[in-house]
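Written out below as structure tokens is the structure these notes cover.
This chain uses plain numbering: 1 for the first residue, then up along the sequence.
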Amino acid sequence: MTATVKYDEVEVGQVIPAVDYSVRRLNLVMYAGASGDFNQIHWNERFAKMVGLPDVIAHGMFTMAQAGRFVTDWAGDPGAVVDYGVRFSSMVVVPDDDQGATITVSGVVEEKLADRRVVVELTARAGDAEVLSRARAVVQLA
């Protein structure tokens, strides 16, 4: 595949509109199975509260994956992301109800590099909390 976003059509400061990603307990159980991370703070409310958390929390890497998905969906090609990094800055608390939690991801083209690459600065929030900081991806565009 090749990215569908064209380098010549992207400008520094261009906003990539926000996308909401729903997170329910079932998503966390499925992620635990895929990743092998069965830490009880990600599925057992009683245990999570016993260790001082407000409730079950999403895996940090699950949250990071949603922001990565945002970039690959925008670029049109999962292989277009050539570098990606974040810092985890807050938890995504996932209540056991029909709504769960929502991770909202948006982006801004921060810099245009050589070889048709751009740096995308990402913002990921759950409620009022910024859940990822220093989140950036380098993307190879068409």
Side-chain angles (χ1 to χ4, degrees), residues 1-45 47-49 51-142:
M1 291 180 67
T2 302
T4 56
V5 177
K6 294 180 176 26
Y7 180 84
D8 295 335
E9 296 174 0
V10 172
E11 298 298 328
V12 171
Q14 180 176 330
V15 173
I16 304 169
V19 175
D20 289 339
Y21 298 96
S22 179
V23 187
R24 295 200 175 95
R25 296 273 177 96
L26 175 60
N27 301 114
L28 302 182
V29 171
M30 291 167 49
Y31 184 83
S35 69
D37 181 352
F38 292 99
N39 188 317
Q40 292 184 63
I41 63 174
H42 302 304
W43 58 269
N44 184 323
E45 183 175 336
F47 182 82
K49 289 181 176 181
V51 299
L53 296 170
D55 207 329
V56 164
I57 62 170
H59 304 73
M61 295 301 288
F62 176 89
T63 304
M64 183 179 180
Q66 299 314 303
R69 176 176 157 196
F70 171 83
V71 175
T72 61
D73 286 351
W74 170 73
D77 178 6
V81 177
V82 295
D83 189 39
Y84 177 49
V86 307
R87 291 214 176 164
F88 303 108
S89 53
S90 191
M91 300 174 284
V92 177
V93 178
V94 183
D96 188 17
D97 59 22
D98 292 337
Q99 288 79 39
T102 301
I103 300 170
T104 302
V105 183
S106 61
V108 175
V109 176
E110 185 176 67
E111 184 179 359
K112 289 182 86 169
L113 305 172
D115 299 329
R116 306 183 87 68
R117 293 180 178 192
V118 295
V119 177
V120 177
E121 178 183 17
L122 301 164
T123 301
R125 303 188 71 76
D128 294 332
E130 183 178 4
V131 296
L132 299 176
S133 61
R134 300 178 72 178
R136 287 185 173 57
V138 176
V139 184
Q140 180 75 53
L141 300 180

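- Annotation: salt bridge (Lys or Arg N to Asp or Glu O under 4.0 Å) contacts of Asp8 (sequence neighbours excluded): Arg116.
- The salt bridge (Lys or Arg N to Asp or Glu O under 4.0 Å) check on Asp55 picks up Arg25, with sequence neighbours excluded.
- With sequence neighbours left out, Phe38 forms a side chain to side chain contact (heavy atoms under 4.5 Å, CB included) with Ala32.
- Listed by chain and residue number, Gln140 satisfy the side-chain hydrogen bond (donor to acceptor under 3.5 Å, both in side chains) test with Arg117 (two or more places apart in sequence, or in another chain).
- To the nearest 0.5 angstrom, Arg125 atom CZ is 9.0 Å from Ser90 atom OG.
- Side-chain contact between Ile41 and Val51 is present, with at least one heavy-atom pair separated by less than 4.5 Å.
- Between the CG atom of Leu28 and the CZ atom of Phe62 there is a distance of 6.0 Å, given to the nearest 0.5 Å.
- The two residues Thr4 and Gly76 make their nearest non-hydrogen contact at OG1-CA, 3.7 Å.
- Considering only residues two or more places apart in sequence or on other chains, His59 meets the ring pair (Phe, Tyr, Trp, His ring centres under 6.0 Å) condition with Tyr31, His42.
- Screening residues 106-115 for salt bridge (Lys or Arg N to Asp or Glu O under 4.0 Å) gives Glu110-Arg136 as the qualifying pairs, with residues at least two apart or on separate chains.
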Mind listing the side-chain donor-acceptor pairs of residues 97-104 below 3.5 Å, one per line with the distance, residues two or more places apart or on another chain?
from: Asp97; atom 1: OD1; to: Gln99; atom 2: N; distance (Å): 3.0
from: Asp97; atom 1: OD1; to: Gly100; atom 2: N; distance (Å): 2.6
from: Thr104; atom 1: OG1; to: Asp20; atom 2: OD1; distance (Å): 2.6

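- The list of side-chain hydrogen bond (donor to acceptor under 3.5 Å, both in side chains) pairs with a residue in residues 75-87, not counting sequence neighbours, is empty.
- Taken from CG in Leu122 to CH2 in Trp74, the straight-line distance is 10.0 Å, to the nearest 0.5 Å.
- The list of ring pair (Phe, Tyr, Trp, His ring centres under 6.0 Å) pairs with a residue in residues 109-142, not counting sequence neighbours, is empty.
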Let me have the donor-acceptor pairs involving side chains of residues 11-19, under 3.5 Å, with sequence neighbours excluded, atom names and distances please.
from: Gln14; atom 1: OE1; to: Glu11; atom 2: N; distance (Å): 3.1

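- Listed by chain and number, the residues in a side chain to side chain contact (heavy atoms under 4.5 Å, CB included) with Ala65 amount to none (sequence neighbours excluded).
- Closest approach of Met91 to Val131, counting heavy atoms only: O-CG1, 3.8 Å.
- Arg69 is linked by a side-chain hydrogen bond (donor to acceptor under 3.5 Å, both in side chains) to Gln66, counting only residues two or more places apart in sequence or in another chain.
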